[in-house]
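A, B, ... follow the sequence lines: proteins, then strands. Residue 1 opens every chain.
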Protein chains: 2
Amino acid sequence: MVSIKDVAESAGLSVATVSRALNGHPSVSDDARERVQAATDSLGYRPNVVARSLRTHRTGTIGLVISDVLNPYFTELARAVEEEARELGYSVIIGNADERADLEDHHVRGLLDRRIDGLLVSPADGRSPMTLEAATGPTPVVFVDRWIPGVDVPVVRSDGRTAIADLVDHLHSLGHRRLAIIAGPAATTTGRERVDAFRAGLAVHGLALPEEYVGSGDFQAESGRACTERFLNLPEPPDVIFATDNLMALGALDAIGARGLRVPRDIALAAFDDIPWFSHTDPPITTIAQPTAELGRVAVRALADLIAGSPASSTVLPAHLVVRRSCGEPAQQGSHT
Amino acid sequence: MVSIKDVAESAGLSVATVSRALNGHPSVSDDARERVQAATDSLGYRPNVVARSLRTHRTGTIGLVISDVLNPYFTELARAVEEEARELGYSVIIGNADERADLEDHHVRGLLDRRIDGLLVSPADGRSPMTLEAATGPTPVVFVDRWIPGVDVPVVRSDGRTAIADLVDHLHSLGHRRLAIIAGPAATTTGRERVDAFRAGLAVHGLALPEEYVGSGDFQAESGRACTERFLNLPEPPDVIFATDNLMALGALDAIGARGLRVPRDIALAAFDDIPWFSHTDPPITTIAQPTAELGRVAVRALADLIAGSPASSTVLPAHLVVRRSCGEPAQQGSHT
DNA sequence: TCCGATCATGTAATCGTTTCCACGAGACGC
DNA sequence: GCGTCTCGTGGAAACGATTACATGATCGGA
């Protein structure tokens, strides 16, 4: 591997001058600059970022720890993060926690060891010691999508509450009265928020959310299936199931299909998170869409601010209801009022 | 940040001994080992992997450059790669090329600059100079899914040819005679292979593949839509469209739906790559499934071999046909024969 | 003409590790 | 009792960059 020393030798200059020329330092003569250019070209020199990082204490890298790469929501988030980061001159290292606290721990630790300049994390829950440590440590941290209550770290997320209220209104207007929810892990903020908002929405219509209509999922497909089966086995099954993420909705679809039931004729289904596939399922799924890419971009900018030393603020972006056909046809279809 | 020097001081030992203790070197007394342990614990010491890498020329990291993170096929591949790599003690840095040669270049260059120990890449086509350079350079490289002909690098991929032949047989047996294909970029090996196999399959049945039945896509949804629209505008539209990846199939579904046509009644659809959503589309899509996760694992092991100095061999795993309902009901349904 | 400022460059310290080499202390064989 | 080995340890040189400081040349102004 050719090093800066080789370039210096070939250009007949000291490594210091070569380094300065390479970094665009002002006091380098045109002559030297050209010689360095020629030398790097002919030798095919590429600076060793490892050595550079050791000296400068900067790696030009940010870490992103997400809960589940297989979830299209997080994939889209990751893509937006990488895009924005690239424009700001950062690389991104992604860690997939797979909804497991131990893996989240593993990745956060690994990223800190790598001396990333900043960390973006969607904490599975508060049970990852490393995430807590990172949040209070010297490395800038921003939470995205989910956060840990009581931890003083900027959060970039979307607020699904009004959208969930809209959803409940929608369901109610379609005549549904027995509404069930497949919740995410109670330990995650998004998991709790969605159940709370759902319950509040029901209360507006004078409806309760009985305990047996609350399924405890883990944001993965299999749990959606299990909860749905439990719902369908109830003496009085719900009219609607609201899955609080897209993978659990997929599991619910599976379970419903396995019973030979049809959506929305036999049971209605709604989901949180919109993804392209939801327009193509049978039937297309009514969902709550988050401004996912925007979340990613804003989070990166907040982190970059933090790295630059300026304080970053939290951001909350609104989610909105997307009505499709999985909850039944709108009642006002025939009545134009 | 606490360094090995602080640990040495606190333990009353030299940095050399501390380093040896930390790395499990045999000739360290139990006494020293314990003192080091105590010191690291109390100081919360974490080794600086940047410095370590500079000295050892190893980063414990492999790079993975994939064509499109939004494609569930690659997401699953990435997940399997990370999993296997983690078990072998490596971290993975993912670069998303978004089917663009310039981005592939960018990521390959960045990863090499980072001095990764090895590189896994699914080359978009042969037009990325850095990929070619990397393939012939000192850093171990393994191609996964796609490869560059003529470049001497181990390849881990699946062979879709027999599965495509099965698919054509299946379509033929359902009575379809006008078969169209949405191809991937001709520059990608997978793009070419799938068209060639399709054409060969048709030839077996005495059918031709007219030029107007070959759409040139780019493995992304929008191109699937565009090609499908072109097909539907033909004076004699095809009976079946075979999309050579899942995103183009999604685009095709869009285009078909936009015309108010139904699958498979009006036109049949098949795809390459199986993903969970395909069981839930309307109708469920007949596809060719690759052993995606297995590909990722094998590729990582091949790369690890290469890094360890042993020669790695190429691997080809078979893909297989998964029949669902998007191409019509099996003819023998009513005739039990 | 001389002095101080400016400019281009070089020398060397530094970042935090690993690892080669040297060294002293025991153990052991003869 | 004396070389020879082994073992545990420490000193110091890398690794490849950046950068504070020193130096000599050039230039402008008084």
Side-chain angles (χ1 to χ4, degrees), chain A residues 1-40 43-61 89 91 110 112-117 138-139, chain B residues 1-40 43-61 89 109-110 112-117 138-139:
Chain A
M1 211 74 272
V2 28
S3 81
I4 197 174
K5 215 163 158 181
D6 305 313
V7 175
E9 201 164 329
S10 153
L13 292 163
S14 73
V15 291
T17 306
V18 174
S19 173
R20 278 187 287 252
L22 256 24
N23 294 307
H25 191 283
S27 80
V28 174
S29 68
D30 290 348
D31 170 58
R33 216 176 286 278
E34 279 163 26
R35 303 228 304 275
V36 168
Q37 180 70 47
T40 53
L43 295 175
Y45 168 73
R46 299 250 76 219
N48 184 327
V49 306
V50 175
R52 190 211 304 277
S53 299
L54 176 59
R55 180 59 228 248
T56 60
H57 300 281
R58 296 192 57 256
T59 53
T61 302
S91 302
L112 292 181
D113 282 357
R114 259 201 181 63
R115 301 299 198 267
I116 45 159
D117 295 342
T139 305
Chain B
M1 209 75 275
V2 29
S3 81
I4 198 173
K5 216 164 158 179
D6 305 313
V7 176
E9 203 163 326
S10 152
L13 291 165
S14 71
V15 291
T17 304
V18 173
S19 172
R20 277 186 289 252
L22 256 24
N23 294 306
H25 190 283
S27 81
V28 174
S29 67
D30 290 348
D31 171 59
R33 216 176 287 277
E34 279 162 26
R35 303 227 307 273
V36 168
Q37 179 71 46
T40 53
L43 296 175
Y45 169 73
R46 299 250 76 219
N48 183 327
V49 306
V50 175
R52 190 211 302 278
S53 298
L54 176 60
R55 180 59 230 245
T56 60
H57 300 281
R58 296 192 58 255
T59 52
T61 302
R109 189 193 314 276
L112 292 181
D113 283 357
R114 252 195 188 69
R115 301 300 198 266
I116 46 159
D117 295 341
T139 305

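- One atom, CZ of B/Arg33, and another, C1' of D/dT9, lie 13 Å apart when rounded to the nearest Å.
- Here the C1' atom of nucleotide D/dA20 and the NE2 atom of A/His25 are 11 Å apart, to the nearest Å.
- Put simply, the side chain of B/Arg115 never gets that close to the backbone of B/Thr59: no donor and acceptor are under 3.5 Å apart.
- When atom types are taken as modelled, the side chain of B/Thr56 and the backbone of B/Arg52 share a donor-acceptor pair closer than 3.5 angstrom.
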Item checked: Contact pattern, 5' to 3', of nucleotides 14-25 of chain C - B, S or - by protein heavy atom under 4.0 Å -> BBBBBBB-----

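- One distance of note links CG of B/Asn48 with NE2 of A/His57; it measures 8.5 Å at 0.5 Å rounding.
- To the nearest 0.5 Å, atom CZ of residue B/Arg58 and atom CG of residue B/Asp117 are 5.0 Å apart.
- Annotation: the span from B/Ile4 atom CD1 to B/Glu9 atom CD amounts to 13.0 Å, rounded to 0.5 Å.
- To the nearest 0.5 Å, atoms OG (A/Ser53) and CZ (A/Arg114) are separated by 11.5 Å.
- Distance CZ (B/Arg58) to P (D/dC15): 18 Å, rounded to an integer number of Å.
- Counting only heavy atoms from C-beta outward, the side chains of A/Ser27 and A/His25 approach each other to under 4.5 Å.
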Restricting both atoms to N or O, compile the protein contacts to nucleotides 5-8 of chain C shorter than 3.5 Å, with distance only.
none

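- Two end axes, each from the C1' atoms of five base pairs, can be drawn for the helix from C/dT1-D/dA30 to C/dC30-D/dG1; they diverge by 50°, to 10 degrees.
- At a threshold of 4.5 Å between non-hydrogen side-chain atoms, the residues B/Arg20 and B/Thr17 count as touching.
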Note to self: Walk me through whether B/Asp31 and B/Arg35 qualify under salt bridge (charged side-chain N to carboxylate O under 4.0 Å, His left out).
What the structure shows: CA-CA 6 Å; B/Asp31 171 59; B/Arg35 303 227 307 273; 2.6 Å; yes

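- Using a 4.5 Å cut-off on side-chain heavy atoms (C-beta onward), B/Thr40 and B/Val36 make contact.
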